[in-house]
Colleague: 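This is the structure I want to talk about, given as structure tokens.
Any value given below was found using the heavy atoms of this structure, including those in side chains, with hydrogens, waters and symmetry copies removed. Fair warning: this is a prediction, and the values are worked out from it, not measured in the lab. Whatever order the structure lists them in is the order used to number ligands and atoms, beginning at 1.
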Amino acid sequence: MTKPPIILAIDVPDVELAAQWVKATSEYVSMIKLGLEFFIKCGSDGVRQLKEIAKCEFFLDLKLHDIPNTVGKAAQNAALLQPKFLTVHASGGRDMIGAAVMSAPDVDVTAVTILTSLTENDLREIGFSQSPLEAAVGLALLAKSAGARALVCSPHETAAIREAVGDAMVIITPGVRPISSQSDDQKRTMTPAAAIAAGANYVVIGRPITSQWSNGLDAMRRAADEIVQGLK
Ligand code: C5P
């Protein structure tokens with residue numbers, strides 16, 4: 001049976017708790033995503049332990065951004081953990097993305113376009129003169145030409161990016177929120193169903209599911225189930 005196109009963001013610095021989240025939600029998600037919060041505390045050993053428990057593909061969201069040599073070496077070492085996806089910032093440029101691709105040929109190097117937490121004002125402040133949409137499409141095309149096989153973008157930019165890059169690239173969208181949920185620090189949100197309809201292959205969902213943990217395992221499952229039902 002095909003699993004729902006949901007990637008669960010495991011943003012917690014604790015292998016035990018992460019393992020409980022993984023076990024509670026395994027029937028509702030295709031993949032887990034381990035990011036900086038988990039990785040910086042639990043390291044490669046934590047990733048290996050969780051992989052053993054999860055027994056599903058995983059996404060290593062390290063958002064690498066440094067000189068090409070450093071990113072290439074980092075990607076080579078990250079590849080030893082055998083993630084399906086590994087993120088780099090597209091704004092690191094062609095050579096940096098290319099270095100990751102060359103150093104981790106078995107991993108889908110995934111370029112983050114514009115963070116979904118940034119507004120147009122935030123972008124102007126950090127020196128982008130284009131709109132978020134124009135900047136994201138430009139970065140997506142750059143990443144494709146540098147050899148990236150997947151992209152992370154806002155659901156609002158998904159349709160334009162899909163049109164620009166074609167069908168072969170995998171598009172993953174965070175910044176999705178079920179209607180009943182608050183947006184946390186995500187500024188440009190959309191529902192999971194709308195993101196998939198716009199051309200995303202996967203949606204990344206964290207807090208709308210994981211924050212329910214404090215209300216118990218069943219509350220967490222109910223939140224996941226509600227999102228899966230919304231995708232049907
Ligand atoms: O909790 P929430 O659903 O907001 O989780 C979103 C996840 O997606 C976080 O782990 C965050 O690091 C990640 N992400 C994002 N925006 C991007 C890339 C990744 O929110 N552009």
Side-chain angles (χ1 to χ4, degrees), residues 4-14 17-18 21-22 25 28-42 47 50 58-65 83-92 108-120 122-123 126 128 132-133 135-140 143 148 150-158 160-161 170-196 198 200-214 220 223-224 226-228 230-231:
I6 296 172
I7 300 178
L8 183 68
I10 307 275
D11 292 324
V12 68
D14 178 330
L17 186 52
W21 289 1
V22 166
T25 57
Y28 305 106
V29 307
S30 291
M31 206 180 295
I32 57 170
K33 182 176 87 67
L34 301 174
L36 293 173
E37 189 175 346
F38 181 88
F39 192 78
I40 286 176
K41 181 74 198 299
C42 307
V47 173
L50 202 57
F58 82 105
F59 174 167
L60 194 55
D61 188 16
L62 299 185
K63 295 191 177 72
L64 302 174
H65 192 166
K84 166 81 178 144
F85 301 111
L86 169 70
T87 44
V88 302
H89 272 289
S91 55
D108 287 346
V109 169
T110 301
V112 176
T113 55
I114 300 285
L115 291 175
T116 44
S117 55
L118 296 175
T119 63
E120 190 146 6
D122 295 327
L123 284 184
I126 57 175
F128 277 84
L133 179 66
V137 170
L139 288 167
L151 295 164
V152 173
C153 65
S154 155
H156 290 280
E157 283 127 31
T158 297
I161 288 181
V170 174
I171 297 183
I172 302 167
T173 67
V176 290
R177 288 288 178 266
I179 293 158
S180 60
S181 163
Q182 62 184 33
S183 68
D184 303 304
D185 57 351
Q186 301 283 10
K187 305 268 173 62
R188 294 174 287 133
T189 66
M190 217 187 237
T191 65
I196 296 291
N201 301 89
Y202 295 100
V203 290
V204 171
I205 303 178
R207 290 164 290 180
I209 296 174
T210 56
S211 68
Q212 290 301 314
W213 179 251
S214 53
M220 197 167 174
E226 192 189 313
I227 293 168
V228 171
L231 280 170

Colleague: Identify the heavy atoms of Leu231 and Pro5 that sit nearest to each other, and give their distance.
Modeller: CD1-CD, 4.1 Å
Colleague: Between the main-chain N or O of Cys153 and the side-chain N or O of Thr173, is there a donor-acceptor pair closer than 3.5 Å?
Modeller: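 No, because the side chain of Thr173 does not come within donor-acceptor range (under 3.5 Å) of the backbone of Cys153.
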Colleague: Give a yes or no on whether the backbone of Tyr28 and the side-chain of Thr25 come within a donor-acceptor separation of less than 3.5 Å.
Modeller: no
Colleague: Do Lys41 and Asp14 pass the salt bridge (Lys or Arg N to Asp or Glu O under 4.0 Å) test, and can you show the C-alpha distance, the side-chain angles, and the key distance before you say yes or no?
Modeller: CA-CA 8 Å; Lys41 181 74 198 299; Asp14 178 330; over 6 Å; no
Colleague: Would a distance-only check, ignoring hydrogens and angles, find a side-chain to backbone donor-acceptor pair under 3.5 Å from Asp108 to Phe85?
Modeller: no
Colleague: Find out whether Ser154 and Ile114 are in side-chain contact, i.e. whether some heavy atom of one side chain is under 4.5 Å from a heavy atom of the other.
Modeller: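 Side chain of Ser154 against side chain of Ile114, heavy atoms only: no contact under 4.5 Å found.
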Colleague: Hey, which residues fall under 4.0 Å of ligand 1 on heavy atoms?
Modeller: Ala9, Asp11, Lys33, Asp61, Lys63, Val112, Ile114, Leu115, Thr116, Val152, Pro174, Arg177, Gln186, Val204, Ile205, Gly206, Arg207, Pro208
